[in-house]
Amino acid sequence: MKPILSAEEMRACDQATIEKHKVPSLVLMERAAKAVADLIIDKYPEANQVCVLCGPGNNGGDGVAIARLLYLSGRQVKTVLMADESKYSAQLKEEIEIAESYGMDFALGFNEEKIQSSDLFVDAMFGIGLTRGLSGDYLAAAKLINNSNKPVVAVDIPSGYHTDCGKLLGEAGVMASDTITFAYMKKGLVLGECKEAAGEVHVADVGIYLDETDGKAMILEEADLKAIPKRGTTANKGSCGKILIIGGSENIYGALYLSAKAALTAGAGLTKVFTHKNNIDSIRQAIPEAMFYGYEEFEKEKLVESINWADVILMGPGLSTGKLSEEIVTTVLDNASVPLIIDADGINICANMKGALIKYAKENPVIMTPHLKEMERLCGIPVKDINYDMEKVARDFSCETNVTVVLKNFSTVIASNDKIFYSTSGNEALATPGSGDVLAGIITSFVAQGLPVADCGAIGAFFHGLCGKLKARDVGIKSMLASDIIEGIKIINVLT
């Protein structure tokens, strides 16, 4: 895991590096510029005419330094100083002096005609401090380069987006082919509209130091999968965990099947399905490896018997939200004493019995896996507001209930009280029905196998995303089915 920072946290890192570690700010700027110039030279060797759009602040200073390095490499560079000289930062002025000493000249103010022949654009208009939408020449420049069909490289973050939530702040922002961000990933680059606008994101080490990671959100990476327990040479089906999956209903079977199949494929031992009797014939045929019990009406004694057998319980996939389902959920919360994963309709039912949920979570680990609409039902905050405040919403609910929240979106935010994790391993192929049911099964399987419950939501989300991304290479983005994600589990298990 590595830190993923807000704008305020990044500014604090900059300041500490300069003041505490005595690294001159101009040195950091030169390192940042070299990282961008190197990427352009390596990735876009045929982009001979480069236009660098520079704002008034230190991001503009980065831009001038980038322009100088590209100029010295033999590229034809048009460097546009967008702002009035009275607004220049001290470092931008220094970089202009350096560039002029090499014989470079500048275009003062935005002029569309002068930059239309460019092969590549560098967006150095605004950095991580932007809090309002682009306007005037900056908006015109963003629209021009977006419509140019030419590569666009953004410096630190595309101009026009909020660094902490990725929200488009105005009418338009820069749409980049690549974004090079410095030292650490920024939260906005994986959230909101900025995730798409950023293109391919590169994190460049420029010597900015984060003295401690306590209290910082972390972004998961493939190395974190090493925490998943290996199967011991003396293992048996009982020692790999006993899972009870409560789901499915009279007319719904698919979600339950996907969760159970994913749990088994991810390495769970014994898996028992507690579902409506209408599903039993399907389970016999589709998952012969699973055990089952089918009910027609509420059977508390049989449910409690199954609860007492289990090491971990997954509750909710396809369960429906009628009276019978409510009785099942209530019985689980009143009688179980094992880790509990709550998904789908289990979440919708628990939204109306928060007191019982909190009581259970005080004594037992609980993981909930809501998408944004389910999170709205849990906390009462509209989806449109959750979308730009996922971290806070997930953290607040987790701290209130002691539940680990796996808040699903194109980037998933996981909150375990004050510990925050970001998972960005997947891609748009995961936007397919049943994807969340597979995720719930994977998380449950990891709990059963002994991965610390506090880590299962985060590592399970990253694992799930990677499964989908790898399998999409075989079946294609649009053709991905939830069952294909389960096939992706096998790919990762072979590779690891």
Side-chain angles (χ1 to χ4, degrees), residues 7 10-11 14 25-26 28-30 32-33 35-37 40 50-71 77-100 104-112 114-115 118 120-146 148 152-164 166-182 186 188-189 194 197-199 204 206:
M10 191 63 233
R11 283 191 290 268
D14 283 336
S25 58
L26 201 63
L28 299 177
M29 185 169 285
E30 289 293 318
V36 178
I40 292 171
V50 179
C51 176
V52 184
L53 300 165
C54 303
N58 288 347
N59 197 253
D62 290 334
V64 172
I66 293 163
R68 170 171 44 84
L69 294 176
L70 292 174
Y71 171 78
V77 183
K78 299 173 185 177
T79 311
V80 182
L81 301 176
M82 301 282 291
D84 185 86
E85 186 176 356
S86 63
K87 297 179 181 179
Y88 292 176
S89 71
Q91 286 185 308
L92 171 56
K93 292 178 181 178
E94 285 187 83
E95 288 292 357
I96 291 172
E97 289 181 10
I98 295 170
E100 287 177 335
M104 290 179 61
D105 54 16
F106 302 91
L108 301 179
F110 175 67
N111 186 317
E112 181 174 334
K114 290 184 178 179
I115 66 175
S118 302
L120 179 145
F121 293 93
V122 176
D123 167 27
M125 293 189 291
F126 294 100
I128 63 173
L130 192 66
T131 57
R132 55 186 172 84
L134 300 179
S135 60
D137 285 349
Y138 297 105
L139 179 59
K143 290 181 176 180
L144 184 147
I145 63 178
N146 289 348
S148 70
V152 180
V153 177
V155 179
D156 220 4
I157 186 170
S159 296
Y161 302 88
H162 197 287
T163 303
D164 295 349
K167 184 177 183 179
L168 175 63
L169 294 170
E171 178 185 345
V174 171
M175 299 294 292
S177 311
D178 298 85
T179 296
I180 304 184
T181 198
F182 306 126
K186 313 304 183 300
L189 291 171
C194 191
V206 296

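Just so you know, these numbers come straight off a predicted model, no measurement behind them.
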Exercise: identify the closest heavy-atom pair between M82 and A141: CE-CB, 3.8 Å
Heavy-atom pair with the smallest gap, counting every atom of C54 and G63: SG-C, 3.7 Å
Any L81 side-chain heavy atom under 4.5 Å of L108 side chain: yes
Interatomic distance, D164 atom CG to M10 atom CE [nearest 0.5 angstrom]: 12.5 Å
L144 vs I115, side chain to side chain contact (heavy atoms under 4.5 Å, CB included): CA-CA, chis, key distance, verdict: CA-CA 9 Å; L144 184 147; I115 66 175; 3.9 Å; yes
Note, Y161 side chain near L189 side chain (heavy atom, < 4.5 Å): no
Side-chain donor or acceptor of D156 paired with backbone N/O of I128 under 3.5 Å: no
Approximate separation, where rounding is to 0.5 Å, of I98 CD1 and K93 NZ: 14.5 Å
Nearest-0.5 Å distance that lies between atom CG in D123 and atom CG in D178: 12.5 Å
Distance-minimising heavy-atom pair for A83 and Y138: CB-OH, 3.4 Å
Contact check, side chains of I157 and T181, non-hydrogen atoms, under 4.5 Å: no
Presence of salt bridge, K143 and E112, under 4.0 angstrom: no
Smallest separation among heavy atoms of G57 and S89, with atom names: C-OG, 3.5 Å
Heavy-atom side-chain contact between L169 and R132 under 4.5 Å: no
D105 CG to E100 CD distance, which is reported to the nearest 0.5 Å: 9.0 Å
Heavy-atom closest contact (S159 atom, L130 atom, distance): C-CD2, 4.5 Å
Side-chain touch E95/L26, heavy atoms, less than 4.5 angstrom: yes
Shortest non-hydrogen contact between I180 and A204, atoms and distance: CG2-CB, 3.9 Å
Residue pair T79 / I96, side-chain heavy-atom distance below 4.5 Å: no
Rounded distance (nearest 0.5 Å) linking atom CG of D137 with atom CE of M125: 10.0 Å
Backbone N/O of M175 and side chain of N146: donor-acceptor pair under 3.5 Å: yes
Heavy-atom side-chain proximity of I145 to L53 below 4.5 angstrom: yes
CA sep, side-chain torsions, deciding dist, call: V174, F121, side chain to side chain contact (heavy atoms under 4.5 Å, CB included): CA-CA 10 Å; V174 171; F121 293 93; over 6 Å; no
Beyond-backbone contact of V64 with V52, side-chain heavy atoms, under 4.5 angstrom: no
Exam field: side chain S177 to backbone V152, donor-acceptor pair closer than 3.5 Å: yes
